[in-house]
Amino acid sequence: LSLKENVNYSRRMVVYAIFDVLDRMDCQYEQAMIGDIRTEANVLGNVSEYAFAVTEQTINTSILHVSMLRPASGLSEEEKQLAVRYLADSVLQHIDEVQALE
């Protein structure tokens with residue numbers, strides 16, 4: 001299960017936002033050589049494994065990819081989609097908050 005979202009932010013800004021959100025959630029994460037950021041995260045009371053990636057389109061636009069690699073057992077399709085959407089929205093909201101401070 002994955003989600004792609006076009007965003008009007010640089011790849012670098014989105015990657016930093018992902019790290020900030022994961023740090024806020026007390027997640028341990030690793031960055032793979034190909035650029036994926038992998039983590040186990042507790043979203044809505046369920047721990048699943050996720051991957052994040054950011055593809056640069058132009059200097060100021062990119063695509064945020066959020067994937068659920070290993071869902072917690074017993075999650076419905078709707079709950080899986082909700083968890084992935086929650087993480088994507090958390091990253092975008094964090095960027096908006098940082099932009100508001102500047």
Side-chain angles (χ1 to χ4, degrees):
L1 181 72
S2 62
L3 172 94
K4 286 194 313 188
E5 181 122 1
N6 292 325
V7 294
N8 293 321
Y9 302 110
S10 68
R11 180 184 183 279
R12 181 180 183 162
M13 182 179 288
V14 178
V15 169
Y16 283 134
I18 292 168
F19 289 133
D20 287 347
V21 167
L22 294 178
D23 286 342
R24 245 198 273 173
M25 295 174 68
D26 291 327
C27 294
Q28 299 294 316
Y29 51 83
E30 61 184 52
Q31 186 167 6
M33 293 299 289
I34 56 171
D36 279 0
I37 300 164
R38 294 174 178 254
T39 187
E40 282 193 353
N42 184 337
V43 178
L44 307 172
N46 296 290
V47 177
S48 299
E49 185 179 351
Y50 299 90
F52 296 83
V54 183
T55 306
E56 184 175 78
Q57 289 192 298
T58 69
I59 196 153
N60 291 318
T61 63
S62 51
I63 303 171
L64 170 63
H65 307 264
V66 182
S67 301
M68 182 180 281
L69 303 177
R70 262 189 307 121
S73 62
L75 286 182
S76 69
E77 285 304 309
E78 186 177 345
E79 289 169 322
K80 292 174 191 175
Q81 290 174 2
L82 188 62
V84 170
R85 176 86 258 162
Y86 173 83
L87 289 173
D89 287 349
S90 293
V91 170
L92 299 177
Q93 182 178 347
H94 180 71
I95 294 171
D96 288 343
E97 290 169 1
V98 168
Q99 294 282 306
L101 296 174
E102 291 180 354

Side chains of Arg38 and Glu49, heavy atoms from C-beta outward: is any pair under 4.5 Å?
yes
Do Val98 and Val15 belong to the same hydrophobic cluster, where Ile, Leu, Val, Met, Phe, Trp and Tyr are linked whenever their side-chain heavy atoms lie under 4.5 Å apart, directly or via other members?
no
Rounded to the nearest 0.5 Å, what separation is found between the CD atom of Glu40 and the CE atom of Met25?
12.0 Å
To the nearest 0.5 Å, what is the distance between CG on Leu75 and CD on Gln81?
11.5 Å
Would you mind reporting whether Asn6 and Gln57 have side-chain heavy atoms less than 4.5 Å apart?
yes
Looking at Val54, is its backbone amide N or carbonyl O close enough to the side chain of Arg11 to form a donor-acceptor pair, meaning the two atoms are under 3.5 Å apart?
yes
Do Val47 and Tyr86 land in one hydrophobic cluster if side-chain heavy atoms of ILVMFWY residues count as linked below 4.5 Å?
no
Locate the shortest heavy-atom distance separating Ile59 from Ser10; write the atom from each residue and the value.
O-CB, 3.3 Å
Could you give the distance from NZ (Lys80) to CG (Leu1), rounded to the nearest 0.5 Å?
7.5 Å
Out of curiosity, Ile63 CD1 to Thr61 OG1, how far, rounded to the nearest 0.5 Å?
8.0 Å
Backbone N or O of Leu69 within a donor-acceptor pair of the Ser67 side chain at under 3.5 Å?
no
Note: Ser48 and Ala72 closest approach over all heavy atoms is OG-N, 2.8 Å
Side-chain H-bond candidate by donor/acceptor type, His65 with Thr55, under 3.5 Å
yes
Could you check whether any side-chain heavy atom of Ile95 comes within less than 4.5 Å of a side-chain heavy atom of Met13, counting everything from C-beta outward?
yes
Measuring only between side-chain heavy atoms, which start at C-beta, is Phe19 closer than 4.5 Å to Thr39?
no
To the nearest 0.5 Å, tell me how far Leu3 CG sits from Phe52 CZ.
10.5 Å
Could you check whether atom OH of Tyr16 has more than 12 heavy atoms from other residues, nucleotides or ligands sitting under 6.0 Å from it?
no
Do Val91 and Val14 have side-chain heavy atoms sitting under 4.5 Å apart?
yes
Step through the shown structure and confirm whether more than 12 heavy atoms of other residues, nucleotides or ligands are within 6.0 Å of CD on Gln28.
no
Starting at CG of Asp20, measure out to OG of Ser90 and round the result to the nearest 0.5 Å.
12.0 Å
Within the supplied structure, the quantity of interest is the number of heavy atoms (other residues, nucleotides, ligands) at a distance under 6.0 Å from Arg12 CZ; does it exceed 12?
no
Are Tyr29 and Ile18 side-chain neighbours, meaning at least one heavy-atom pair lies under 4.5 Å?
no
At their closest point, which heavy atom of Ser62 faces which heavy atom of Glu56, and how far apart are they?
CB-CA, 4.1 Å
So, Arg85 and Glu78, do they make that salt bridge, N to O below 4.0 Å?
no
